[in-house]
Amino acid sequence: MIEEYQRLDPRVQKWVFQQGWADLREIQKRAIGPILAGDTDVLISASTAGGKTEAFFLPACTASADQQEGFSILYISPLKALINDQYRRLEGLCKMLDMQVTPWHGDTPQSLKKRAKRAPSGILLITPESLEALLILQAGWAREAFASVRYVVVDEFHAFIGVERGQQLLSILTRLEHLLERQANPIPRVALSATLGELDTVPLSLRPDGNMPCSTITNTEGFSTLKVQVKGYLDPANLKADDRRKPAEHQICDELYRLCRGGSHLVFANSRRRTESIASQLANFCKERVVPNEFFPHHGSLAKEFREDLEARLQKDLLPTTAVCTMTLELGIDIGKVNSVIQVTAPHSVSSLRQRMGRSGRRGGAAVLWMLIAERELCSGFKLVDLLRVQLVQSLAMIRLLISNRWFEPADTSQFHFSTLVHQILATTAQWGGIRVDQLYALLCRTGPFQAVTTDHFKRLLAHMGRTTLLTQMGSGELVLGIEGERMVNHYSFYAVFRTPEEFRIINGTKVLGTLPLDTPIIPKMHIVFGGRSWKVTDVDTDKRVIQVIATKGGSPPAFAGEGLGVHDVVRQEMFRIYASGDYRIAVGTAKVDFLDSTAQDLFQEGATFFHHSHMVSQPIIQHGAATYVCPWLGDKTVNTLVALLLQGGFEAGAFAGIIEVSGTSVEPVCTFLQDVMRRGVPAEVELADAVPEKHVEKFDEFLPADLLNEGFGQRAFESHGTQAWLEAVLTDQ
DNA sequence: GACCTGCTGCGGGGTG
């Protein structure tokens, strides 16, 4: 391996020496060959703080240090904060090589942009949205400035796979190669990513037409040691004023105070609302005990200065600090490692749990995960979900899948992304001024990322875009922007492909505390919790979109916006396995490890006992109280499909945590109906979507014709084939 | 019963 190091530019070697590094990491050594060769795409996959950035930049800078004119490295990041980080980190190395580095995003000073505009050179650090703007507004300049680009590198690539923004990025890269006439001789794409699930599928996510081979470099180190404990809490029913029992959240805050004070921890509380509420309770505990506060909230609605202060405090590691946070501290930002990670309420997915756990484990020590789960004290008339203790069992299933099976959810790459296709049709048309239909289809769907879109889809979409004046077809057959299309493309809000709810600024006096996405009314005199403190609303200005507040004591949390996503088949099947065996423990060699405290064990026994008394091992459809329950123990696409079918059949049905409740009926009519559905065959996803009234989920969905909207929505929400298979498996013998 | 990300060009006013 020493020879690999020798292949780096002497000035790069000198920089490595100055860092005081004893040696390069394994992935850094292994990346040198493929990056220097520059004849393949490269996937570099390693855990947080694994040295991925240097693995790319050391050889890439070696290869391009002496190129004088034009950008040589195009670096793309999903976060502005990450661009600023990388700018600081690259300064030293690039000074050594006399290379220019330019950060370029919405907050970058014009002076830096102007300098690069006059004399583009070296490394450009940019967001997909800013790159989109360059292609649309400055295509001629871009063609010159990027003419000799040697590498395109995408940071946090996992954050792009299978989502709208990733489709846009891939489409932009295809358009760039086309603009530079590099189709026959593509620019190598390098993806830097946290460890990914199914590595074999990633190259196609990086280059959908497979027009260049891909080298994969991963580090093999996993968690060295792992300590996990699940703690259960009982939320008392009918609390009275003089009750000595405490609500579950209060018990959890007591526990958090004990576990966290004096150390460095991350508490993931899943919603901004719960994040606020827990952080403010913990801050109160510190106040009551007259000790300095060390508990702070961190989420996307909080003003940047509050977030950055907390990030800096965590990174400096001089004072004990606990961040109560949402996924804002899950990836990317460099905050170092913490003593432990604490998950309050069930995680949303195994992959997110895995990312979070990766934040723990200092200096090669054990990673520590606590999971605090509250279930309600049982009362008469309770629903199946409570009786089964589903939240607890879902958490146990996720821990087992992560640790025993080393499994986590793969990205969903089967979507059409019609909304982003509308955007890319407009963007490409704007970039070229005019374009032929066949060229557009070849670019976006044959070489670009919209491979699932057929020529038939494409024609129907273009016809609709013509009818709604997004596009106009010239006599020559060329497409140009229509009146509505011009209006959209010329507004700065066009460049991003994801939808944002309307936000209000929260202001105390003259100080902006942060922003709040609003979909429920906030009324004057209402009390809210924000930024870890309680406030009283004094004024709501709907024109300026401002909420004025003054400080108070106590108060109920604000309502935050958001939408749900799906639990995977594999998670629900693992839950079924745990219920059926009555055993959640993890096998280590021949021994079985228990990782629950006594309250959690009791709660689990309650759920498992109910499961067995109701014969749910063999009976997926049971009656309880005035309702019948259908329990497929499959992912939310199948659950959604069954609910849609039952509603069409005239039943009243709804689903909670994967369990379908059909009210006011018994097992027999439900079975008869589902057997009938099975014999006729489950309708296609697109037909099920037709019965859903509100299907506008993504930003440009409102510009789709009804048939494409149904097809796209059906694909993301339903699963007909799997539902048919489940019906056949459980109903055939009955 | 979620969560997160991003954005141009131009004109007017102040400062050195």
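All values below were derived from every heavy atom in this structure, side-chain atoms included, with hydrogens, water molecules and symmetry-related copies excluded. Model, not experiment: these values are computed from the prediction. The sequence lines fix the lettering, A, B, ..., with proteins before strands; numbering per chain opens at 1.
With sequence neighbours excluded, the residues forming a side-chain contact (heavy atoms from CB on, under 4.5 Å) with A:E249 are A:C253, A:R274, A:S277, A:I278, A:Q281, listed by chain and number. For A:E486, there are no salt bridge (charged side-chain N to carboxylate O under 4.0 Å, His left out) partners, not counting sequence neighbours. A:R505 pairs by the salt bridge (charged side-chain N to carboxylate O under 4.0 Å, His left out) definition with nothing, not counting sequence neighbours. Residues meeting the side-chain contact (heavy atoms from CB on, under 4.5 Å) test with A:L234, sequence neighbours left out: A:E377, A:R389, A:L603.
Dashed line: the shortest gap from a side-chain N or O of A:S493 to OP1 or OP2 of B:dC7 is not under 4.0 Å. The phosphate of B:dT8 (OP1 or OP2) has a side-chain N or O of A:S130 nearer than 4.0 angstrom. Residue A:R274 has a polar side-chain atom (N or O) positioned under 4.0 Å from OP1 or OP2 of B:dG1. At the phosphate of B:dC7, OP1 or OP2 sits under 4.0 Å from a side-chain N or O atom of A:T127. Taking side-chain N and O atoms only, A:R307 has no distance below 4.0 Å to OP1 or OP2 of B:dC4.
Put simply, CG on A:L79 is 11 Å from P on B:dC7, counting in whole angstrom units. Here B:dG1 presents its P atom at 14 Å from CZ of A:R272, a figure rounded to the nearest Å. Between the CD1 atom of A:I659 and the C1' atom of B:dG1 there is a distance of 15 Å, rounded to whole Å. Computed from coordinates, the A:L302 CG to B:dC4 P distance equals 10 Å when rounded to whole Å. If you measure from atom CZ of A:R499 to atom P of B:dC4, you get 17 Å, rounded to the nearest angstrom. As a whole-Å value, the separation of A:R273 CZ from B:dG1 C1' is 11 Å.
Looking at A:K637 and A:D569, no side-chain N of the basic residue comes within less than 4.0 Å of a carboxylate O on the acidic one, giving no salt bridge. Taking the charged nitrogens against the carboxylate oxygens, A:K304 and A:D107 do have a contact shorter than 4.0 Å, which makes a salt bridge.
The residue A:A657 sits close to a base: some heavy atom pair falls under 4.0 Å. Nucleic acid contact class of A:H491 (heavy atoms, under 4.0 Å, all strands): none.
Heavy-atom nearest nucleotides on DNA chain B were determined for A:H348 and for A:Y495, and the one closer to the 5' end corresponds to A:H348. Place A:G658 and A:K699 on DNA chain B by their nearest nucleotides, and A:G658 ends up nearer the 5' end.
Between the side-chain ring of A:F494 and the base of B:dC7, no stacking contact exists by the 5.5 Å and 30° definition.
Interface remark: the A:T500 side chain does form a donor-acceptor pair with the B:dG6 base, using a distance-only criterion of under 3.5 Å.
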Only distances under 3.5 Å count here; give the side-chain donor-acceptor pairs of residues 109-116 of chain A to other protein atoms, sequence neighbours excluded, each with its distance to 0.1 Å.
| unit_1 | atom_1 | unit_2 | atom_2 | d |
| --- | --- | --- | --- | --- |
| A:K113 | NZ | A:H105 | O | 3.2 |
| A:R115 | NH2 | A:V101 | O | 3.3 |

Protein N or O to nucleotides 9-13 of chain B N or O, pairs below 3.5 Å:
| unit_1 | atom_1 | unit_2 | atom_2 | d |
| --- | --- | --- | --- | --- |
| B:dG9 | OP1 | A:Q138 | NE2 | 3.3 |

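Judged purely by distance below 3.5 Å, without hydrogens or angles, the side chains of A:E164 and A:T420 pair a donor atom with an acceptor atom.
Among B:dT5, B:dC7, B:dC3, the nucleotide with an atom closest to any side-chain atom of A:E129 is B:dC7.
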